[in-house]
Amino acid sequence: MAPARRNCRARPGDQGLRAHLAGPEQGTLGARVRAARLVPYQAVIGPREAADDQVALRLRDGRLLDAQLAAEVLRRVGMLIDAHSTDLIDQMPALRGE
């Protein structure tokens, strides 16, 4: 497994979050997105995002958020989970304005 892919899988686990890596061997990007459509967040990490340590989040309702720093996304998702919130990350104040 490539170091970038290993890091994508380890970082959420370090913060107590579950992650499943669906690489290109599991089909096209569209097929992988459809297969995981019921999870709250899908982190789409292509070569551009990996180079900048960013993730582009796809929400369960199909919205795709702009790429953001991976550490910040993990921090915010962790905050929502710790608060037992059912809100999605894009509903948190100040997410887009930072």
Side-chain angles (χ1 to χ4, degrees):
M1 182 180 296
R5 288 180 66 187
R6 196 174 312 115
N7 190 30
C8 291
R9 193 168 179 183
R11 285 173 72 179
D14 292 345
Q15 295 189 5
L17 304 173
R18 289 177 292 175
H20 170 75
L21 184 64
E25 67 280 353
Q26 294 181 10
T28 65
L29 178 59
R32 289 177 276 158
V33 166
R34 283 189 302 278
R37 70 186 174 278
L38 299 179
V39 299
Y41 305 102
Q42 295 177 36
V44 179
I45 305 168
R48 183 177 33 212
E49 290 86 6
D52 295 335
D53 195 29
Q54 294 186 333
V55 297
L57 285 184
R58 182 178 296 270
L59 305 180
R60 118 177 75 213
D61 63 7
R63 288 177 289 151
L64 183 61
L65 305 182
D66 295 334
Q68 303 167 51
L69 289 176
E72 181 64 11
V73 169
L74 290 172
R75 184 184 72 77
R76 288 180 179 263
V77 170
M79 286 174 45
L80 286 169
I81 291 169
D82 289 345
H84 302 284
S85 175
T86 58
D87 290 338
L88 293 175
I89 195 169
D90 72 330
Q91 296 171 329
M92 292 183 70
L95 177 67
R96 295 249 181 216
E98 295 181 5

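The shortest distance between side-chain heavy atoms of L80 and I89 falls below 4.5 Å. Between L88 and R63 the shortest side-chain heavy-atom distance falls below 4.5 Å. Between R32 and P24 there is a side-chain heavy-atom pair separated by less than 4.5 Å. For the pair E49/D52, no side-chain contact is recorded, criterion being any heavy-atom separation below 4.5 Å from C-beta on. A heavy-atom distance below 4.5 Å is not found between the side chains of V73 and Q54.
Smallest separation of non-hydrogen atoms from V55 and A70: CG1-CB, 4.1 Å. Taking each heavy atom of Y41 and L57 in turn, the nearest pair found is CD2-CD1, 4.1 Å.
Scanning for side chain to side chain contact (heavy atoms under 4.5 Å, CB included) contacts around A35 gives an empty result, with sequence neighbours left out. Partners of D82 according to the salt bridge (Lys or Arg N to Asp or Glu O under 4.0 Å) rule, which considers only residues two or more places apart in sequence or in another chain, do not exist here.
Note that CD of Q68 and CZ of R76 are 7.5 Å apart. Values are rounded to the nearest 0.5 Å. Separating the CG atom in L29 from the CD atom in Q42 is a distance of 8.5 Å, to the nearest 0.5 Å.
V39 and V77 are not part of a single hydrophobic cluster, where members link through side-chain heavy atoms under 4.5 Å apart.
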